[in-house]
Amino acid sequence: MPGPRVRFAPSPTGFFHIGSARTALFNWLYARHTGGTFVLRIEDTDQARNSDEFLNVIYDSLRWLGLDWDEGPHAGGDFGPYRQSERAGIYREYLERLKAAGRTYEKDGALFFRISGEPQVIDDAVRGRVERLEEKDFVIFRSDGSPVFHFVNVVDDIAMRITHVIRGEDHLSNTSKHVELFKAFGEPLPTFAHLPLILKQSGPGKMSKRDQGALVEEYRRRAYLPEALVNFLCLLGWSPKDDREKMPMAEIIRLFDLPGINQSNARFDDKKLAHMNMVYLLEQAPERFAALARGFFTGLGPADPAAADALAASPDYFLAVMALSQPKVKAIEELPAYTRYFFTEDYPVDPKARETIFAKGDPRTRLAELAAAFSTADFSSDATLEQVLRDLAAAKALKIADYIHPGRLAVSGTSVGPSFFSIYRLIGRDKALRRIERFLGAPDRL
RNA sequence: GCCCUCAUCGUCUAACGGUUAGGACGGAGCCCUCUCAAGGCUCAAAUAGGGGUUCGAUUCCCCUUGAGGGCGCCA
């Protein structure tokens with residue numbers, strides 16, 4: 001495949017970090033924009049800190065985000081193997097080239113690279129000309145014989161014909177080491193593009209894996225939409241240069257380019273992410289919304305009667321409840337609490353809501369009237385229920401709101417929720433009347 | 001400490017050297033309305049400071065300050 005070759009080179013030493021995801025994303029975007037090749041390479045030279053579990057987290061997270069790789073583990077390619085732990089022979093070959101050039105020496109059992117002493121200059125695609133003098137020789141093979149990051153990173157970029165190195169700014173200062181190595185090998189420099197860092201939400205420093213919201217896994221667990229997370233991540237360090245924020249991926253791919261990347265670090269903002277996610281959630285087909293929600297109910301475990309009943313409910317009923325809630329909630333994770341009363345009689349009554357209702361006058365007479373009117377009403381549609389209530393309110397010279405507010409409290413225990421009529425329709429006549437009766441019998445206890 | 005990078009509302013960002021410095025999140029208020037969301041309207045909110053260059057600087061240059069990163073036999 002012609003065109004640029006970029007790579008994402010994670011180290012499986014922890015969970016998948018949001019900053020890593022953004023680096024992977026920008027590499028992927030550049031490959032897709034240019035018709036180039038996106039290579040996944042696993043940098044697992046530090047045996048002590050690696051595990052297959054972490055490896056699978058990387059694969060799963062990339063797939064979940066939709067960042068498919070053209071070459072790498074599972075995908076194959078002409079420049080494998082793609083795990084550095086399997087490339088020892090290649091590193092030995094390249095080491096010989098350095099030895100032959102007289103650029104190495106041994107000290108304390110480790111192999112050192114002899115620097116040139118000259119300042120190294122790169123023409124960074126986002127930062128422009130950057131010059132830095134590497135001042136000390138550095139280790140390229142440990143005393144146990146294993147190669148070090150700087151060495152394998154450069155060797156693999158050469159061997160895999162990487163044309164553009166797109167990575168975080170935390171590598172900018174290391175680049176002088178890398179340029180030294182490229183030159184020592186007699187190889188041309190790739191184009192470097194150093195991305196601004198993602199800073200932690202509050203407090204000093206860049207986002208680290210211990211920070212709240214730093215792991216991609218967390219958003220998957222919380223049933224965020226991957227396309228929302230990806231869209232949000234695109235906007236951390238890049239923009240279309242106009243007012244658009246929510247954009248289809250195809251459009252982002254079309255517009256994305258290296259010169260459009262910002263130079264300054266970006267602070268992570270979970271509120272804005274949550275908003276982006278909500279905007280995406282709102283436009284999902286009810287079936288997909290319900291499917292996401294269903295997984296979240298499962299996650300609650302069987303100990304919760306509401307969750308158990310939700311799972312036991314007919315698919316149609318569950319879908320209907322979720323469809324009603326979709327325009328109302330900001331996140332999937334709110335759903336179990338938000339819809340609890342649809343699935344169990346064991347739901348809490350908000351004391352503040354009850355207080356507000358009673359402060360406006362004892363609602364018991366109205367509730368009794370509502371129950372009487374609804375005892376013969378047609379529960380098959382919102383409209384028929386609404387007509388019955390309007391007739392009742394007109395007959396009593398009251399507003400429908402005078403019935404709706406206590407009526408909602410009686411069957412749901414809360415003052416917030418979907419349309420009153422939809423709630424009654426879905427709960428059904430029998431349960432609704434029973435709940436009103438129960439409320440009338442013990443309004444203080446409930 | 002040395003080196004590298006960066007600097008527009010609280011946050012993410014837009015603005016050929018000439019704009020009432022725009023949008024979004026968040027905040028406040030109003031409207032809509034059966035509540036809550038969503039939506040609509042409105043408000044508060046920024047060019048870090050100081051020097052230059054220029055008729056004119058958010059924009060170009062320098063200094064200061066601030067922020068971030070790197071200086072591992074981690075990646």
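We use all heavy atoms of the structure for the numbers below, so side chains are in, but hydrogens, waters and symmetry mates are not. Numbered from 1 within each chain, the chains take letters A, B, ... in sequence-line order.
- Taking atom CZ on A:Phe420 and atom P on B:rA37, their separation rounds to 20 Å, with Å as the unit.
- Contact detail for A:Glu118 and A:Glu180: the closest heavy-atom pair is O-OE2, 3.8 Å.
- Applying the Watson-Crick and G-U wobble criteria (two distances, each under 3.5 Å), B:rC41 pairs with B:rG29.
- Residue A:Val139 places its side chain closer to B:rC73 than to any other of B:rC4, B:rC73, B:rU11.
- Between B:rA37 and B:rC31, the distance separating the two P atoms is 15 Å to the nearest Å.
- Here A:Lys136 does not pair with A:Glu134 in a salt bridge; the nearest charged N to carboxylate O distance is not below 4.0 Å.
- Remark: side-chain polar atoms of A:Glu333 are not paired, donor with acceptor, to backbone N or O of A:Phe296 under 3.5 angstrom.
- Between A:Pro190 and A:His164, the closest heavy-atom pair is CB-N, 4.4 Å.
- Between A:Glu227 and A:Arg288 a salt bridge is recorded (basic side-chain N to carboxylate O distance below 4.0 Å).
- The phosphate of B:rA14 has OP1 or OP2 within less than 4.0 Å of a side-chain N or O from A:Ser239.
- Between the side chain of A:Ser143 and the base of B:rC73, at least one donor-acceptor pair of N or O atoms lies under 3.5 Å.
- At B:rA14, one or more side-chain N or O atoms of A:Asn262 fall inside 4.0 Å of OP1 or OP2 (strictly under the cut-off).
- Within the shown strands, nothing qualifies as a pairing partner of B:rU47 under the Watson-Crick or G-U definition with both distances less than 3.5 Å.
- In this model, the phosphate group of B:rG72 is approached by a side-chain N or O of A:Lys136 to a distance below 4.0 Å at OP1 or OP2.
- Ion pairing between A:Arg390 and A:Glu386 holds under the 4.0 Å rule for side-chain N and carboxylate O.
- The interatomic distance linking A:Glu334 (CD) with B:rA38 (P) rounds to 10 Å, in whole Å.
- As rounded to the nearest Å, B:rG56 and B:rC16 have C1' atoms that lie 15 Å from one another.
- If you take atom P in B:rC25 and the same atom in B:rC41, they sit 12 Å apart, rounded to whole Å.
- If you check every strand for non-hydrogen atoms under 4.0 Å, A:Pro418 touches a base.
- When the nearest nucleotides of RNA chain B are assigned to A:Phe268 and A:Arg390 by heavy-atom distance, the more 5′-ward of the two goes with A:Phe268.
- Nucleic acid contact class of A:Asp170 (heavy atoms, under 4.0 Å, all strands): sugar-phosphate only.
- A donor and an acceptor atom sit less than 3.5 Å apart, one in the side chain of A:Arg408 and one in the base of B:rC34.
- Rounded to whole Å, the distance from CD1 on A:Ile357 to P on B:rC34 is 15 Å.
- If you take atom C1' in B:rA67 and the same atom in B:rA44, they sit 26 Å apart, rounded to whole Å.
- When rounded to the nearest whole Å, the span between CZ of A:Arg244 and C1' of B:rG22 equals 16 Å.
- Distance from the side chain of A:Arg267 is smallest for B:rU11 among the nucleotides B:rC3, B:rA75, B:rU11.
- Comparing B:rC30 with B:rG22, their C1' atoms are spaced 23 Å from each other, to the whole Å.
- A:Glu134 places its CD atom 12 Å from the C1' atom of B:rC2, with the value rounded to the nearest Å.
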* Go through the steps for A:Thr414 and A:Asp350 under the test side-chain hydrogen bond (donor to acceptor under 3.5 Å, both in side chains), then give the verdict. => CA-CA 5 Å; A:Thr414 173; A:Asp350 177 10; 5.0 Å; no
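- Partner assigned to B:rA24 is B:rU11, using Watson-Crick or G-U wobble distances below 3.5 angstrom.
- Residue-to-nucleotide contacts include a donor-acceptor pair under 3.5 Å from the side chain of A:Glu245 to the base of B:rG23.
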* To do: Determine, stepwise, if the pair A:Tyr30 / A:Phe26 fulfils ring-ring contact (aromatic ring centres under 6.0 Å, His included).
  => CA-CA 6 Å; A:Tyr30 188 64; A:Phe26 278 31; over 10 Å; no
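- If you check every strand for non-hydrogen atoms under 4.0 Å, A:Glu169 touches a base.
- Salt bridge status for A:Lys246 with A:Glu251: absent, with no side-chain N to carboxylate O gap under 4.0 Å.
- Look at A:Arg127 and you won't find any side-chain N or O under 4.0 angstrom from OP1 or OP2 of B:rG68.
- Residue A:Ala110 has its side chain nearest to B:rC73 when only B:rA75, B:rC73, B:rU5 are considered.
- For A:Lys272, no side-chain nitrogen or oxygen approaches OP1 or OP2 of B:rG10 to under 4.0 Å.
- Both A:Gly417 and A:Pro196 sit near RNA chain B, but only A:Pro196 has its closest nucleotide nearer the 5' end.
- A 3.5 Å limit on both hydrogen-bonding distances identifies no Watson-Crick or G-U partner for B:rG17.
- Contact annotation for A:Ala266: backbone-only contact, meaning every heavy-atom pair under 4.0 Å involves sugar-phosphate atoms and none involves a base.
- Residue contacts for A:Gly168: at a heavy-atom cut-off of 4.0 Å it reaches no nucleic acid atom on any strand shown.
- Per the geometry, CG belonging to A:Asp269 stands 9 Å off P belonging to B:rG26, to the nearest Å.
- For A:Lys206, counting side-chain heavy atoms from C-beta on, the closest listed nucleotide (B:rG22, B:rG68, B:rC34) is B:rG68.
- Residue A:Leu133 is classed as having no contact, given no heavy-atom separation below 4.0 Å to the nucleic acid.
- Not a single donor-acceptor pair, N or O on each side, falls under 3.5 Å between the base of B:rA15 and the side chain of A:Lys241.
- A:Gly205 comes within contact range of the sugar-phosphate backbone alone, with a heavy-atom separation under 4.0 Å but no base atom that close.
- Distances from the side chain of A:Ser264 to the nucleotides B:rG69, B:rA75, B:rA7 place B:rA7 closest.
- Taking the P atoms as reference points, B:rC3 lies 16 Å from B:rG72, given to the whole Å.
- The base of B:rU35 sits within donor-acceptor range of the side chain of A:Lys328, with an N or O pair under 3.5 Å.
- Across all strands, A:His150 comes closer than 4.0 Å to base atoms (heavy-atom distances).
- Within 4.0 Å (heavy atoms only), A:Ser146 reaches no atom of the nucleic acid at all.
- Remark: B:rC6 base-pairs with B:rG66. Criterion, Watson-Crick or G-U wobble with two distances under 3.5 Å.
- In this structure, A:Arg167 fails the cation-pi test against A:Phe192, since its NZ or CZ atom is not both closer than 6.0 Å to the six-membered ring centre and inside 45 degrees of the ring normal.
- Rounded to a whole angstrom, the distance from the C1' atom of B:rA7 to that of B:rC60 is 16 Å.
- Not one side-chain nitrogen or oxygen of A:Lys246 sits closer than 4.0 Å to the OP1 or OP2 atom of B:rG23.
- Judged by atom type and distance alone, A:Lys271 does not reach the base of B:rC25 through any side-chain donor-acceptor pair under 3.5 Å.
- With both pairing distances under 3.5 Å, B:rG1 is matched to B:rC71 as a Watson-Crick or G-U wobble pair.
- Across the C1' atoms, B:rG70 and B:rA15 are found 33 Å apart, a figure rounded to whole Å.
- Looking at the side chain of A:Leu235, the nearest of the listed nucleotides B:rC34, B:rC73, B:rC12 is B:rC12.
- Protein atom CZ of A:Phe374 is 11 Å distant from nucleotide atom C1' of B:rC34, rounded to whole Å.
- In this structure, A:Gln201 atom CD and B:rG10 atom P are separated by 16 Å, rounded to whole Å.
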